[in-house]
Number of protein chains: 2
Amino acid sequence: MMNDPIIPKATAKRLPIYYRYLKFLLDAGKTRVSSTELSDAVKFDAATIRRDFSYFGALGKRGYGYDVASLLDFFSKILNQDTLTNVALVGLGNLGQALLNFNFHKNSNMRVSAVFDIDSELINTIQAGVPVYDIADLVNQIHDQRIEIAILTVPQANAQEITDKLVQAGIKGILNFTPLRVTVPSNVRVQNVDLTNELQTLIYFIENYADNEIK
Amino acid sequence: MMNDPIIPKATAKRLPIYYRYLKFLLDAGKTRVSSTELSDAVKFDAATIRRDFSYFGALGKRGYGYDVASLLDFFSKILNQDTLTNVALVGLGNLGQALLNFNFHKNSNMRVSAVFDIDSELINTIQAGVPVYDIADLVNQIHDQRIEIAILTVPQANAQEITDKLVQAGIKGILNFTPLRVTVPSNVRVQNVDLTNELQTLIYFIENYADNEIK
DNA sequence: GTAAAATTTAACTATTAGACAAAAATTCGA
DNA sequence: TCGAATTTTTGTCTAATAGTTAAATTTTAC
């Protein structure tokens, strides 16, 4: 895609949050919204929100605010909401199961379309409507199904080895739930979600900082 | 606690990651480590690592590197690893179950010590070794057990209402897995873990950026 | 004595926050 | 009903803050 404006990464991370809230507003029958009102809901500074929006050109009217429908329409295009992205889930343990049932594609453009595991009890079954494959077939399946995104919820000990296979299969992005910081070539993106880390950081902040500033 | 040096938040977020890797190194029998080596493992720039460490005063030796044991000892104190932090889990759905089984206290100083749900089948049972309480008793139990951290995995529709109760019970930090950006007083900290958002951001980055730069 | 590696300082980049003019919408008086 | 005054709210500019990376310096190990 490689779009026109290079927007800051910090802004990019806020886009899905804007999108989701705008959808909520539309469902609630609201036709317009101000940056202040948005700010209350999504907890970013109103000036930051206007700044973010202005990267995409003027989308609001002074004295009026933003038109919910057209703003939503705009974000919908930016976030490619019209195309469904298939995602592979690798590792069907506790967390994998939960993510599978969590069902991303409700209200979003993503869906887990293939699961991989080593458990022979699970292999070749359908779980939550999704086929489970032998992890030994990972490279072939991912390649054949043209899947570009994977969710990694395997034991830490196997994380790097399986990551290597994912890379080999041509994956472009990994949502990594293992605590291991896996090594990948620079054309592959890793987003780490480290639950123990999140909790420990939270505790650290509570014990060491007075005011409320986690960004 | 309110410790001496006000370190940047970005640094604070890296501390648990350093800690975990240092523990791994110690277990592996390594006695010393350089910033470059650490950098390979945790994927932060070596200069950033040295900078981080230097906030706490000189911990390494020039020409030698850092002594694993003493560095670990130091981080262990900073992160309060000697005291066990009790955490409440609110909402025992798919994700809640997974987090409960995930068992934070293996290799860490945190443990889920109370679970809350509305399901009468679950209330007053023990799940994964942890008692499940009626969510109606949330305020009392959390207050009585002096729990200061909660993990929130309830349906979005109830998130604010339950957050209010948590605040009322005196909670200090919330790890929020719901997509709602909850409103809390400024003395309460919220750390949002938004899985749909993480995936969407990942997809956006892959489609719109060439190089590998998510921080 | 040489090389390795931390520390320190500085430069640079990114991000956020604040302030305010301009534009649109709304209100209110006649 | 019309239009001037007031309010709302954006968009943009500037300043401040935070964070990262690089370069120079110093210390220590071998």
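So that the names make sense, note that chain A is the first sequence line, chain B the second, and so on, each numbered from 1. Just so it is clear, the structure is predicted and the values come from calculations on it, not from any experiment.
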Check your understanding: Counting only side-chain N and O atoms of R14(A), is one of them less than 4.0 Å from OP1 or OP2 of dT16(C)?
Key -> yes

Exercise for review: Would you indicate, yes or no, if dG11(D) has its OP1 or OP2 atom less than 4.0 angstrom from a side-chain nitrogen or oxygen of Y66(A)?
Suggested key: yes

Exercise for review: Could you tell me the separation between the CG atom of D67(A) and the C1' atom of dT9(D), rounded to a whole number of Å?
Suggested key: 15 Å

**Study point:** Any donor-acceptor pair under 3.5 Å from D45(B) side chain to A47(B) backbone
**Key:** yes

Check your understanding: Side chain of R32(A), backbone of Y64(A): donor and acceptor closer than 3.5 Å?
Key -> yes

Check your understanding: Which whole-number value in Å describes the distance from F44(A) CZ to dT16(C) C1'?
Key -> 12 Å

Point to revise | Atom-to-atom span, CG of D52(B) to C1' of dG19(D) - whole angstrom | key: 10 Å

**Study point:** Phosphate OP1/OP2 of dC13(D) contacted by R50(A) side-chain N/O (<4.0 Å)
**Key:** no

Point to revise | Partners passing ring pair (Phe, Tyr, Trp, His ring centres under 6.0 Å) against F177(B) (at least two apart in sequence or in another chain) | key: none

Check your understanding: Counting side-chain heavy atoms from C-beta on, which of dT10(D), dA6(C), dT21(D) comes nearest to D45(B)?
Key -> dT21(D)

**Study point:** Side-chain donor/acceptor of R62(B) to base of dT26(D), under 3.5 Å
**Key:** yes

Check your understanding: Taking CZ from F56(B) and P from dA6(C), how many angstroms apart are they, rounded to a whole number?
Key -> 16 Å

**Study point:** Minimum side-chain heavy-atom gap R20(B)-T196(A) below 4.5 Å
**Key:** yes

**Study point:** Under 3.5 Å donor-acceptor, N176(B) side chain and L180(B) backbone
**Key:** yes

Check your understanding: Which one, dT12(D), dA10(C), dC30(D), comes nearest to the side chain of R32(B)?
Key -> dC30(D)

Review point. Does OP1 or OP2 of dA5(C) have a side-chain N or O of T36(B) closer than 4.0 Å?
Key: no

Check your understanding: Could you state the CG-C1' distance from L59(B) to dA6(C), rounded to the nearest angstrom?
Key -> 11 Å

Review point. Could you state the OH-P distance from Y64(B) to dT28(D), rounded to the nearest angstrom?
Key: 14 Å

Revision key, fill the gap. One would report the end-axis bend of the helix from dG1(C)-dC30(D) to dA30(C)-dT1(D), five pairs per end and rounded to 10 degrees, as 20°

Check your understanding: With Y19(B), which residues qualify under ring pair (Phe, Tyr, Trp, His ring centres under 6.0 Å), at least two apart?
Key -> none

Study note, to complete from the structure: Judged by nearest nucleotide, the residue sitting upstream toward the 5' end of DNA chain C, G63(A) or A47(A), is A47(A)

Exercise for review: State which of dT10(D), dA29(D), dT20(D) makes the closest approach to the side chain of S34(A).
Suggested key: dT10(D)

Practice item. Using a cut-off of strictly less than 4.0 Å, decide whether S35(A) has a side-chain nitrogen or oxygen near OP1 or OP2 of dT9(D). Key: no

Practice item. Would you please confirm or rule out a distance under 4.0 Å between OP1 or OP2 of dA17(C) and any side-chain N or O of T48(A)? Key: yes

Practice item. Write down the distance between NZ (K61(B)) and P (dT25(D)), rounded to a whole number of angstrom. Key: 25 Å

Exercise for review: Kindly say whether T183(A) contributes a backbone atom to a donor-acceptor pair with the side chain of Q160(A) at under 3.5 angstrom?
Suggested key: yes

Exercise for review: Determine whether the side chains of E207(B) and N80(A) contain a donor N or O and an acceptor N or O closer than 3.5 Å.
Suggested key: yes

Review point. CD of E37(A) versus P of dT8(D): gap in Å, rounded?
Key: 14 Å

Check your understanding: Within the structure shown, what part of the strands sits under 4.0 Å from I49(B) by heavy-atom distance: base, sugar-phosphate, or nothing?
Key -> nothing

